[in-house]
Amino acid sequence: MGERAEQFLSSFNRIEKWLRDELGNPRNIGFSEMVRRLDKQRNPAITEAADDLLQMAQLRNAIVHEQVGENFVIAEPNEWAVKRMAEIEGQLLKPEKVLPRFGKRVTGFEITLSITEILRTIAEKRYSQFPLYQQGHFKGLITLRALGYWFAKESLKGDVRLQGRTADELIISDGKITNYRFVNSEMPVAEVKALFEKEPMLEAILITKNGDPDGNLLGIIRPRDLYQDN
């Protein structure tokens, strides 16, 4: 058996153990069925790799079960297959976390901030998200979309007057809809992607150490941030 086949099978076996652990060590279930079950459960760690893993299972069977002799196999994985399996293994066993990739200084604002000041900050500093707090307690997230929606509603009433208007008026008031989520610093990036795909109203994910909304902000993720670095 060649070196590439040995590397391929080593990755395959470690991935197979990970699959079993995820499913609670089921008996009499093969590799492909475990992949399909986790994919059906929309497990974010496995979904992107499911098709490749099912193909790799066929290659693995050819390597293991169709040996002509002790040192000769009919199927030998190419370099791409070996690298792809190692890549999937890394994504499953050592998934990338939201930190440090998305760590950044995030400015919080008091809920009493005037809408005029928000507009000034957008124009001067090009901010697009405004986490709002009331004496240290998180109250909501203002984004450019929320701001545009508010202006559209206000304009239907006539001239929009900003004097005396404050940031709390911009918060989405529907209790069933939020445009943000909090996650802890150990959240895998794959799970963040799944959140954005599942919740179309989600505009930003805020990172604190324990996912506590009142904790110190360690970073923020917008949908475009997930793909612009790739």
Side-chain angles (χ1 to χ4, degrees), residues 42-49 87 90-92 94-134 136-155 162 165-230:
R42 299 192 179 281
N43 184 302
I46 207 70
T47 298
E48 291 184 3
E87 180 181 88
Q91 291 171 350
L92 298 180
K94 296 181 179 180
E96 182 185 18
K97 308 295 177 62
V98 292
L99 292 185
R101 178 176 170 185
F102 297 108
K104 66 178 70 173
R105 182 176 178 273
V106 183
T107 303
F109 299 86
E110 277 296 313
I111 201 169
T112 54
L113 183 71
S114 71
I115 293 177
T116 300
E117 187 60 30
I118 290 178
L119 295 174
R120 183 180 295 112
T121 303
I122 292 171
E124 294 178 356
K125 298 185 178 181
R126 303 181 67 85
Y127 284 10
S128 57
Q129 284 89 21
F130 293 79
L132 296 181
Y133 293 82
Q134 186 173 37
H137 297 290
F138 181 81
K139 291 298 181 181
L141 177 71
I142 301 306
T143 64
L144 295 183
R145 185 166 76 173
L147 190 60
Y149 180 63
W150 181 84
F151 268 106
K153 287 198 305 180
E154 289 297 308
S155 66
L162 299 180
R165 313 296 288 271
T166 54
D168 61 309
E169 296 185 51
L170 304 175
I171 296 175
I172 294 176
S173 58
D174 188 338
K176 297 179 181 179
I177 299 174
T178 57
N179 61 342
Y180 64 88
R181 287 283 296 271
F182 277 88
V183 301
N184 65 62
S185 58
E186 293 294 307
M187 172 74 80
V189 172
E191 293 187 27
V192 167
K193 289 182 179 180
L195 284 175
F196 279 119
E197 292 168 2
K198 182 180 178 181
E199 302 178 29
M201 287 295 293
L202 196 58
E203 294 187 81
I205 287 177
L206 300 159
I207 306 167
T208 60
K209 183 178 180 180
N210 299 314
D212 179 6
D214 296 335
N216 292 330
L217 286 174
L218 304 176
I220 189 168
I221 310 171
R222 301 159 299 179
R224 68 172 183 262
D225 295 330
L226 290 167
Y227 304 103
Q228 66 182 14
D229 294 336
N230 295 338

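Basis for what follows: all heavy atoms, side chains included, without hydrogens, waters or symmetry-related copies.
- The number of heavy atoms from other shown groups lying within 6.0 Å of OH (Tyr149) does not exceed 12.
- Nearest heavy atoms, Val106 versus Leu217: CG1-CD1, 3.7 Å.
- In this structure Lys139 satisfies the salt bridge (Lys or Arg N to Asp or Glu O under 4.0 Å) test with no other residue, sequence neighbours excluded.
- With sequence neighbours excluded, no residue satisfies salt bridge (Lys or Arg N to Asp or Glu O under 4.0 Å) with Arg42.
- Atoms CD1 and CD1, on Ile205 and Ile220 in that order, are 10.0 Å from each other to the nearest 0.5 Å.
- Residues Glu191 and Met187 come closest through the heavy atom pair OE1-SD, 3.1 Å.
- With rounding to the nearest 0.5 angstrom, the CD1 atom of Ile207 is 9.5 Å from the CG atom of Asn184.
- Checked against side-chain hydrogen bond (donor to acceptor under 3.5 Å, both in side chains), Glu110 has no partners two or more places apart in sequence or in another chain.
- Note that CG of Leu218 is 6.0 Å distant from CG of Leu99, once rounded to the nearest 0.5 Å.
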Q. Going through the checks in order, is the side chain to side chain contact (heavy atoms under 4.5 Å, CB included) test met by Thr166 and Ile111?
A. CA-CA 7 Å; Thr166 54; Ile111 201 169; over 6 Å; no
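- For Glu199, the salt bridge (Lys or Arg N to Asp or Glu O under 4.0 Å) partners at least two apart in sequence or on another chain are Arg181.
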Compile the donor-acceptor pairs under 3.5 Å between side chains in residues 118-125 and protein atoms, sequence neighbours left out, one pair per line.
residue: Arg120; atom: NH1; partner: Glu117; partner atom: OE1; Å: 2.4
residue: Thr121; atom: OG1; partner: Glu117; partner atom: O; Å: 2.9

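- Sequence neighbours left out, the pairs with a member in residues 111-131 that pass ring-ring contact (aromatic ring centres under 6.0 Å, His included) are Phe109-Phe130.
- Between the CG atom of Leu113 and the CG atom of Asp168 there is a distance of 10.5 Å, given to the nearest 0.5 Å.
- Looking at every heavy atom in both residues, Val98 comes nearest to Ser185 through CG2-O, 3.6 Å.
- For Thr208, the side-chain hydrogen bond (donor to acceptor under 3.5 Å, both in side chains) criterion is met by no residue, not counting sequence neighbours.
- Of all heavy-atom pairs between Arg101 and Asp225, the closest is NH2-O, 3.9 Å.
- Taking Thr143 as the reference, Gln129, Leu141, Arg145, Ala146, Asn179, Glu203 meet the side-chain contact (heavy atoms from CB on, under 4.5 Å) condition, with sequence neighbours excluded.
- When the side-chain hydrogen bond (donor to acceptor under 3.5 Å, both in side chains) test is applied to Asp214, the partners found at least two apart in sequence or on another chain are His137.
- Glu96 CD: more than 12 foreign heavy atoms inside a 6.0 Å radius.
- Of all heavy-atom pairs between Arg222 and Ser128, the closest is NH1-OG, 3.7 Å.
- Interatomic distance, NZ of Lys193 versus CG of Leu195, reported as 12.5 Å (0.5 Å rounding).
- Taking CG from Asp212 and CG from Leu206, the interatomic distance works out to 12.0 Å, rounded to the nearest 0.5 Å.
- With sequence neighbours excluded, no residue satisfies side-chain hydrogen bond (donor to acceptor under 3.5 Å, both in side chains) with Gln134.
- Scanning for side-chain contact (heavy atoms from CB on, under 4.5 Å) contacts around Pro223 gives Phe196, with sequence neighbours left out.
- Take Asn43 and apply the side-chain contact (heavy atoms from CB on, under 4.5 Å) test, not counting sequence neighbours, and it matches Trp18, Glu22, Leu38, Ala45, Ile46.
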